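Step one of this worksheet: look at the structure below.
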Amino acid sequence: MRPFVFVNVAMSADGKISTAERRQVRISGDDDYSRVDRVKAESDAIMVGIGTVLSDNPSLTVKSPHLRAWRREGGKDEDPIRVVVDSRGRTPPDADILHKGTGKRIIAVSRTASPEAVNVLRGYATVVVTGDETVDLLALLEELYHLGVRRLMVEGGGTLIWALMELGLVDELQTFVGNIVIGGKDAPTPVDGTGFLREEDFPRLTLIEASRLDDGLLLRWRVERER
């Protein structure tokens with residue numbers, strides 16, 4: 001068993017999530033920020049890859065006092081469990097994700113992570129060791145389910161989203177398309193990695209919702225299981 005997994009991303013009209021220099025860009029507006037805060041509060045855990053931690057230093061906390069209070073009233077921590085997929089154990093000990101907000105933190109590493117790095121990280125988070133060269137994502141999701149995670153939000157980056165897509169572990173894709181063009185052949189996209197080489201392997205999506213939001217468009221897709 002594993003949690004329901006949904007990916008939430010914001011991208012430019014030309015499909016980029018940041019500049020070629022990996023510089024963070026404001027793509028969505030206040031209405032989408034409020035939407036993301038709500039779906040974050042409704043999730044049991046939020047997952048990001050180590051690249052996102054190193055480039056953006058996110059806290060992944062719920063910002064709205066009302067939503068934090070709503071979680072408390074439901075017997076939950078104010079913030080969902082924060083999960084970092086970090087095969088080599090490179091999460092900085094002073095990263096915001098380890099210090100800001102309440103609730104549990106989980107760092108998932110592979111067996112390539114040094115014992116020294118793992119020991120340091122255990123001072124701030126629960127460390128899950130799975131996989132030889134890279135984190136075994138299916139095993140990690142099964143462990144999260146065992147810990148009570150039923151709804152998992154994935155916030156990036158493109159390498160992690162690609163790995164989850166390749167393994168068929170994504171159930172829904174939520175995409176805000178903003179009214180800007182970033183450009184650049186090296187600018188990251190929502191799903192990077194090596195990409196699918198054969199058309200028959202492409203994940204197929206069914207549109208759930210399309211709605212205007214801020215000055216852009218919110219799209220929700222269900223990922224079909226059979227490819």
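Hydrogens, waters and symmetry mates are skipped; everything else that's a heavy atom, side chains included, is used. In this chain, numbering begins with 1 at the start of the sequence shown. No experiment lies behind these values; they were computed from the predicted model shown.
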Mind checking the CG-CG spacing from Asp96 to Asn57? Nearest 0.5 Å is all I need.
4.0 Å
Ser59 and Ile97: side chain to side chain contact (heavy atoms under 4.5 Å, CB included), yes or no, with the steps?
CA-CA 4 Å; Ser59 65; Ile97 201 169; 5.9 Å; no
Set of salt bridge (Lys or Arg N to Asp or Glu O under 4.0 Å) partners for Arg122, sequence neighbours left out:
none
Run the salt-bridge test on Arg111 and Asp132 with the 4.0 Å N-O cut-off and return the result as yes or no.
yes
Going only through I, L, V, M, F, W and Y residues with side-chain contacts under 4.5 Å, is there a path from Ile46 to Tyr124?
yes
Would Arg38 pass as a cation-pi partner of Tyr33, given that its NZ or CZ must be under 6.0 Å from the six-membered ring centre and within 45 degrees of the axis?
no
Short side-chain to backbone donor-acceptor contact, Ser110 and Ser87, under 3.5 Å
yes
Arg150 NZ/CZ over Tyr145 ring centroid, <6.0 Å and within 45° of normal
yes
Compare all side-chain heavy atoms of Glu142 with those of Met1 and state whether any distance is below 4.5 angstrom.
no
Do other residues, nucleotides or ligands put more than 12 heavy atoms under 6.0 Å from the CZ atom of Arg212?
no
Do Met47 and Leu140 touch side chain to side chain, with heavy atoms closer than 4.5 Å?
yes
With side chain to side chain contact (heavy atoms under 4.5 Å, CB included) as the criterion, how do Asp32 and Asp30 come out once you've worked through the C-alpha distance, each side chain's angles and the decisive distance to 0.1 Å?
CA-CA 5 Å; Asp32 189 56; Asp30 292 341; over 6 Å; no
Grab the two heavy atoms, one from Lys40 and one from Pro80, that are nearest each other, plus how far apart they are.
O-CG, 3.2 Å
Pairwise distance CG(Leu121) to CG(Asp86) - rounded to 0.5 angstrom:
6.5 Å
I'd like to check Val9 versus Met11 (side-chain heavy atoms, cut-off strictly below 4.5 Å). Are they in contact?
no
Kindly confirm or rule out a cation-pi arrangement of Arg151 over Phe6, judged by NZ or CZ under 6.0 Å from the six-membered ring centre and within 45° of its axis?
yes
Stepwise side chain to side chain contact (heavy atoms under 4.5 Å, CB included) check, Leu144 with Val83:
CA-CA 9 Å; Leu144 292 176; Val83 183; 4.1 Å; yes
If you compare all heavy atoms of Gly29 against all heavy atoms of Asp214, which two are closest, and at what distance to 0.1 Å?
N-OD2, 3.0 Å
What's the spacing between Leu164 CG and Glu166 CD if we round to 0.5 Å?
10.0 Å
When you compare the side chain of Arg2 with that of Leu169, does any pair of heavy atoms fall below 4.5 Å?
yes
Verify the distance criterion only: is there a donor paired with an acceptor across the side chains of Asn8 and Arg35 at less than 3.5 Å?
yes
SB check Glu224 Arg222 (cutoff 4.0 Å):
yes
For Ala95 and Thr91, work out which heavy atoms get closest and say how close.
CB-CG2, 4.2 Å
What I'd like to find out is whether the side chain of Arg82 reaches to under 4.5 Å of the side chain of Ile106, using heavy atoms alone.
no
Hey, are Arg105 and Asp79 close enough for a salt bridge, meaning a charged N less than 4.0 Å from a carboxylate O?
no
Taking Ile208 as the starting point, is it possible to reach Leu173 by hopping between hydrophobic residues whose side chains are less than 4.5 Å apart?
no
Is any side-chain heavy atom of Trp70 closer than 4.5 Å to one of Ser64?
no
For Trp162 versus Val191, what's the shortest heavy-atom pair and its separation?
CA-CG1, 3.6 Å
I'd like to know if the side chain of Asp171 and the backbone of Val5 have a donor-acceptor N/O pair within less than 3.5 Å.
yes
Closest approach of Leu98 and Pro93, non-hydrogen atoms and distance?
CD1-O, 3.9 Å
Does one hydrophobic cluster hold both Phe202 and Val170, with members joined at side-chain heavy-atom distances below 4.5 Å?
yes
Could you check whether any side-chain heavy atom of Leu219 comes within less than 4.5 Å of a side-chain heavy atom of Val177, counting everything from C-beta outward?
yes
Give, for atom OG1 of Thr126 and atom CG of Leu147, the distance between the pair rounded to the nearest 0.5 Å.
8.0 Å
By side-chain contact (heavy atoms from CB on, under 4.5 Å), Asp56 pairs with (sequence neighbours left out) Gln24, Thr52, Pro58
Are Trp221 and Ile27 connected in the hydrophobic side-chain network, where two residues link if heavy atoms are under 4.5 Å apart?
no
Hey, what do you get for OG1 (Thr189) to CD1 (Ile17), rounding to the nearest 0.5 Å?
6.5 Å
For Leu152 and Leu141: C-alpha separation, side-chain torsions, deciding distance, then whether side chain to side chain contact (heavy atoms under 4.5 Å, CB included) applies.
CA-CA 9 Å; Leu152 174 65; Leu141 294 187; 3.4 Å; yes
Enter the distance from Ile107:CD1 to Arg90:CZ here, rounded to the nearest 0.5 Å.
12.5 Å
Taking a hydrophobic cluster as the set of Ile, Leu, Val, Met, Phe, Trp and Tyr residues connected by side-chain heavy atoms closer than 4.5 Å, whether directly or through intermediates, do Leu137 and Val84 fall within one such cluster?
no
Any side-chain heavy atom of Leu213 within less than 4.5 Å of one from Ser28?
no
Quick check on Arg88: does its CZ atom have over 12 non-hydrogen neighbours (other residues, nucleotides or ligands) under 6.0 Å away?
no
Considering non-hydrogen atoms only, spot the tightest contact between Pro188 and Ser18 and give its length.
CG-OG, 3.0 Å
Do the side chain of Arg71 and the main chain of Ala41 share a donor and acceptor less than 3.5 angstrom apart?
yes
Would you say CD of Glu209 has more than 12 non-hydrogen atoms from neighbouring residues, nucleotides or ligands within 6.0 angstrom?
yes
Any residue meeting salt bridge (Lys or Arg N to Asp or Glu O under 4.0 Å) with Arg72, in chain and number order, not counting sequence neighbours
Glu78
